[in-house]
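Start at 1 and go down the list; that is how both ligands and their atoms are numbered. Position 1 is the first residue of the sequence, and the numbers go up from there.
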Amino acid sequence: MTGIKIIGTGRYVPDLVASNEDFTKIVETSDEWITKRTGIKNRHVSNGEPTWYMGLKAAERAIENAGIDPQEIDMLISTSVTPDYAFPALSNLLLGKLGIHGAFGIDIECACAGFVFALDMAQRYIATEDDVKTVLIVSPENITKYVDYTDRSTCVLFGDAAGAAVVRKGDKRSYSYLMTEGEGAERIYAHGIPAGNAFTDPEQAAKYAELFPKGKAHYMHMDGQDVYKFATRVLPVAVRKVCEKAGITPEDIDLIVPHQANNRIIQTAAKNLKLPMDHFYMNIENYGNTSSACIPVCLSELRDSGRIKQGDKVAIVGFGAGLIYGAVLFEI
Ligand code: ACO
């Protein structure tokens, strides 16, 4: 397996900001509780921007940052779990909006770990397919449209954003580890449109409806404590697995960029890995959890600030609904 190189990144965040103080006006909560339990202070939320629009802006910036002609892109992977349409795929829509011809698009649904799974996929296509040399990953999320703003345990956690990255073959090998624990699939979910048509018998449909967990319309349901335990358990596993493959130790990684779900999850994982917190990049304070957009937004900030430089070993680690998790270790 060859390696990958991220040659460009971009991000888009809505202008509209909801602070912890704003939440005290809609649910029984406080800035102190949210800050202490999650590390979040503000989150940018959609002011009606469609998901594709956010993705388009991030993608345009990533292409510009890479300094390439959009027509050089061979494959576009979209990781959004909050697209505007059930079909067509968001990747197809984005290729059209970007005016890219001669490329193919694939959507993957890997929740908050979407960018990690997409980077693994890009790495494999680049390694095995001579006709895929440049991959654009776009991760736009409008997760707040699934948020129940009467449920204080979930509504304070989420924000909207988009991140994108242009990926090409790198000189150094990259390593990945992906895993699904499907028995936890109903720990985090949002219902889709129920099955039914003009001929469906309502009594029979009501029986089938019992096959699903109870939910409030399309809103996100999350068993916070179970997910918390899952995340603190699997994050160190994913880091150790990619290190084992690469023959290095976690201390040898220059920077770990984790999914931004909760500061406390990362603090616990850092202790487990015996690493200081400055080994992890965190921006949750300003954005909250933006699902699959978290990691590429971090990477875009890191490139812009110069905090990551050529030769650095970076591990991205994601976890989320599925329940899934994974990591990719690569060199900048
Ligand atoms: N403000 C004030 N009090 C609150 C709030 C709030 N916003 N939310 C919950 N509480 C209360 C609860 O009602 C409870 O009160 P009680 O003791 O009177 O019943 C108390 O705080 C403790 O509740 P817990 O649920 O035990 O709080 P916890 O410390 O576990 O924090 C949280 C909750 C932040 C959700 C945490 O469990 C968490 O981060 N879980 C992981 C989430 C995650 O990683 N998601 C990632 C995937 S998301 C995706 O894939 C879409």
Minimum-distance protein heavy atom relative to [atom]:
atom: atom 35 (C) of ligand 1; answer: S153 O, 3.7 Å
atom: atom 24 (P) of ligand 1; answer: Q225 NE2, 3.6 Å
atom: atom 11 (C) of ligand 1; answer: R152 NH2, 3.6 Å
atom: atom 23 (O) of ligand 1; answer: R37 NH1, 4.4 Å
atom: atom 42 (C) of ligand 1; answer: M222 CE, 3.6 Å
atom: atom 50 (O) of ligand 1; answer: C112 SG, 2.9 Å
atom: atom 40 (N) of ligand 1; answer: G224 O, 3.0 Å
atom: atom 31 (O) of ligand 1; answer: R264 NH2, 3.6 Å

Between [X] and ligand 1, which part of the residue brings a heavy atom under 4.0 Å of the ligand: side chain, backbone, both or neither?
X: Y228; value: both
X: V81; value: neither
X: T154; value: neither
X: T29; value: both

Less than 3.5 Å apart, any donor N or O on the side chain of [X] or [Y] sitting next to an acceptor on the other?
X: S46; Y: D160; result: no
X: S19; Y: N42; result: no
X: S292; Y: T79; result: yes

[X] heavy atoms, cut-off 4.0 Å: which ligand 1 atoms fall inside?
X: V227; value: 43 (C), 44 (O), 45 (N), 46 (C)
X: N289; value: 46 (C), 48 (S)
X: A261; value: 43 (C), 44 (O), 46 (C)
X: I188; value: 47 (C), 48 (S), 49 (C), 50 (O)

Is it true that, when you exclude E64 itself, more than 12 heavy atoms of the residues, nucleotides or ligands shown sit nearer than 6.0 Å to its CD?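 Result for CD/E64: open.
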
Check K309 with D254, please: is the shortest side-chain N to carboxylate O separation under 4.0 Å?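 Judged by the 4.0 Å cut-off on N to carboxylate O distance, D254 and K309 do not form a salt bridge.
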
I need the R152 CZ to E28 CD distance, nearest 0.5 Å.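 Going from CZ on R152 over to CD on E28, the span is 6.5 Å.
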
Nearest 0.5 angstrom please: T38 OG1 to W33 CH2, how far?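 Output value for this atom pair is 7.0 Å.
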
Looking only at distance, does S30 have an N or O less than 3.5 Å from an N or O of ligand 1?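 No, there is no polar N/O contact under 3.5 Å.
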
Do any nitrogen or oxygen atoms of A321 lie less than 3.5 angstrom from nitrogen or oxygen atoms of ligand 1?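 Yes; the residue has a nitrogen or oxygen that sits under 3.5 Å from a nitrogen or oxygen of the ligand.
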
When the ring centroid of H221 is compared with that of Y219, is the distance short of 6.0 Å?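 Centroid distance H221-Y219: not below 6.0 Å, so no.
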
Heavy-atom distance from atom 28 (P) of ligand 1 to the protein below 4.0 Å?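 Yes, because at least one protein heavy atom sits under 4.0 Å from atom 28 (P) of ligand 1.
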
